[in-house]
Amino acid sequence: MPELPEVETIRRSLAVKLPNRTVTEITVRDTRLREPVNEERLNQLIRGRKVVSLSRRAKYLLIHFDVGSCLILHLGMSGRLLLLPAMHPFDKHDHVIFAFDNDTELRLRDPRRFGSVAAVIEAELTEHPPLRHLGPEPLSSECTAQYLFERSRKLKAPVKNFIMDQQVIVGVGNIYASESLFLAGIHPLRAAGRISYPRWQKLLGAIKQVLKAAIKQGGTTLTDFRDSDGEMGYFQVKLRVYGRAGMPCFTCGTAIRSCVVGGRSTFYCPKCQK
Ligand SMILES: [Zn+2]
């Protein structure tokens with residue numbers, strides 16, 4: 001599943017190619033994504049508009065156009081964004097296609113169709129339903145250890161669930177949660193409300209470190225992630241615990257354990273994480 005670092009990698013890749021390009025045509029080959037694609041609204045708000053900039057909120061890629069409209073893209077479970085020459089043959093999973101004035105096309109290719117495409121007026125962006133309740137960005141200055149400490153008080157839920165809750169903090173996917181908790185020396189099942197302020201400082205530091213390392217390397221390649229040019233990712237973040245059940249901890253040599261927390265595979269070192 002594309003995670004925050006993958007989406008950020010795609011954003012950076014497209015941010016050097018799309019600005020000043022005008023959308024000449026929008027083709028919806030299949031409207032049946034997670035939310036039905038509203039082709040009329042896409043044409044109304046995006047067609048004929050020029051790209052100004054690209055940003056990201058959680059795992060949503062936002063393409064901002066002149067005259068104040070915005071395209072919101074989500075890659076779901078298996079989606080990819082490809083920037084290809086217009087003459088490039090279609091794949092059967094190329095569901096939504098944005099043609100630009102330089103004979104290139106941005107295509108959403110999504111075999112499992114959990115992705116989404118929506119157009120909004122810029123002024124309504126922050127109130128748009130999927131964005132409205134999102135917690136702060138982990139790499140922003142508004143996401144502080146103090147905030148996580150206060151927000152978690154009295155909560156009995158495992159800390160791993162808490163940091164994966166998008167309303168608390170966005171972008172900490174399953175792999176990054178396990179890795180961050182290992183770096184911070186915190187057991188994934190520990191109650192969020194019982195983590196002290198200094199340990200929250202450590203954990204937030206670890207989350208930032210893990211996400212930054214992944215962005216620097218262009219995202220992990222556990223799925224068939226490709227960047228917007230269609231190249232296979234050539235990077236792999238070094239995973240310290242994730243997927244390593246039974247193998248020795250890099251720090252202490254104890255066998256890494258796995259369990260299921262909130263329905264997700266979780267990996268930890270029973271000795272290093274308390
Ligand atoms: Zn260990």
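Please read all numbers here as calculations on a predicted model, not as lab measurements.
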Verdict with supporting geometry, Trp200 and Ile195, side-chain contact (heavy atoms from CB on, under 4.5 Å): CA-CA 7 Å; Trp200 272 117; Ile195 292 174; 3.7 Å; yes
Worked check of side-chain contact (heavy atoms from CB on, under 4.5 Å) between Leu108 and Leu75: CA-CA 8 Å; Leu108 175 66; Leu75 299 177; 3.7 Å; yes
Trace of the side-chain contact (heavy atoms from CB on, under 4.5 Å) decision for Leu125 with Ile72: CA-CA 9 Å; Leu125 186 59; Ile72 307 175; 3.7 Å; yes
Test side-chain contact (heavy atoms from CB on, under 4.5 Å) applied to Tyr242 and Asn174, step by step: CA-CA 9 Å; Tyr242 191 87; Asn174 193 40; 3.8 Å; yes
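Between Pro85 and Asp103 the shortest side-chain heavy-atom distance does not fall below 4.5 Å. A 4.5 Å side-chain heavy-atom check between Leu54 and Pro19 finds at least one atom pair inside the cut-off. When side chains are defined from C-beta on, His74 does not count as touching Leu33, because their heavy atoms never get closer than 4.5 Å. Using a 4.5 Å cut-off on side-chain heavy atoms (C-beta onward), Leu82 and Asp91 make no contact. In this structure, Leu73 and Val7 have side chains that are not in contact, with every pair of non-hydrogen atoms separated by 4.5 Å or more. Between Leu204 and Tyr147 the shortest side-chain heavy-atom distance does not fall below 4.5 Å. Between Phe90 and Glu105 the shortest side-chain heavy-atom distance falls below 4.5 Å. Counting only heavy atoms from C-beta outward, the side chains of Phe98 and Leu71 approach each other to under 4.5 Å.
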Show me the side-chain donor-acceptor pairs of residues 245-267 shorter than 3.5 Å, one per line, residues at least two apart or across chains.
residue: Thr266; atom: OG1; partner: Lys160; partner atom: NZ; Å: 2.7
residue: Thr266; atom: OG1; partner: Arg264; partner atom: O; Å: 3.0

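Note on Val52 and Phe65: separate hydrophobic clusters, where clusters join Ile, Leu, Val, Met, Phe, Trp and Tyr whose side-chain heavy atoms are under 4.5 Å apart, directly or indirectly. Residues Val23 and Val120 do not share a hydrophobic cluster, clusters being chains of Ile/Leu/Val/Met/Phe/Trp/Tyr side chains in contact below 4.5 Å. Grouping the Ile, Leu, Val, Met, Phe, Trp and Tyr side chains by contacts below 4.5 angstrom, directly or via other members, places Val117 with Phe100. The cluster map of Ile, Leu, Val, Met, Phe, Trp and Tyr, joined by side-chain heavy atoms under 4.5 Å apart, puts Val51 and Leu106 in the same cluster. Hydrophobic clustering of Ile, Leu, Val, Met, Phe, Trp and Tyr side chains at less than 4.5 Å, counting indirect connections, unites Val210 with Ile207.
Residues Arg107 and Ala86 come closest through the heavy atom pair NH2-O, 3.7 Å. Nearest heavy-atom pair, Pro158 versus Pro188, reported as atom, atom and distance to 0.1 Å: CB-O, 3.5 Å. Closest approach of Glu6 to Tyr176, counting heavy atoms only: OE1-OH, 3.9 Å. Closest non-hydrogen pair, Arg57 versus Leu134, comes out as NH2-O, 3.2 Å. Residues Lys238 and Glu179 share a closest heavy-atom pair of O-OE1, 4.1 Å. In terms of heavy atoms, Ile163 sits closest to Ile169 at O-CG2, 3.4 Å.
The OG atom of Ser178 lies 8.0 Å from the CE atom of Met164; values are rounded to the nearest 0.5 Å. Rounding to the nearest 0.5 Å gives a distance of 11.5 Å between CD of Glu124 and OG of Ser69. The structure places CZ of Arg109 at 9.0 Å from NE2 of His93, a figure rounded to the nearest 0.5 Å. Taking CZ of Arg34 as the reference point, atom CZ of Arg113 lies at 13.5 Å (rounded to 0.5 Å). A distance of 5.0 Å separates SG of Cys143 from CG of Leu148, quoted to the nearest 0.5 Å. Taken to the nearest 0.5 Å, the CD1 atom of Ile10 stands 5.5 Å off from the CG atom of Leu81.
More than 12 non-hydrogen atoms from other residues, nucleotides or ligands lie less than 6.0 angstrom from NZ of Lys208. Counting non-hydrogen atoms of neighbouring residues, nucleotides and ligands closer than 6.0 angstrom, the CZ atom of Arg194 reaches no more than 12 such neighbours.
Ring orientation note: the planes of Tyr197 and Phe149 are nearly perpendicular, at an angle over 60° on the 30°/60° scale.
Side-chain atoms of Gln166 do not come within 3.5 Å of backbone N or O of Gly135 as any donor-acceptor pair. Although no hydrogens or angles enter the test, the distance criterion places a donor-acceptor pair under 3.5 Å between the side chain of Arg199 and the main chain of Gly185. Of the possible donor and acceptor atoms, one in the side chain of Arg56 sits under 3.5 Å from a partner among the backbone N and O of Ala58. No donor-acceptor pair under 3.5 Å is formed between the side chain of Arg47 and the backbone N or O of Glu25. The backbone N or O of Thr9 lies less than 3.5 Å from no partner atom in the side chain of Ser13, so there is not a single donor-acceptor pair. Judged purely by atom type and a 3.5 angstrom limit, Arg240 has no side-chain atom pairing as donor or acceptor with the backbone of Leu183.
Looking only at atom types and distance, the side chain of Glu122 has a donor-acceptor partner in the side chain of His64 under 3.5 Å away.
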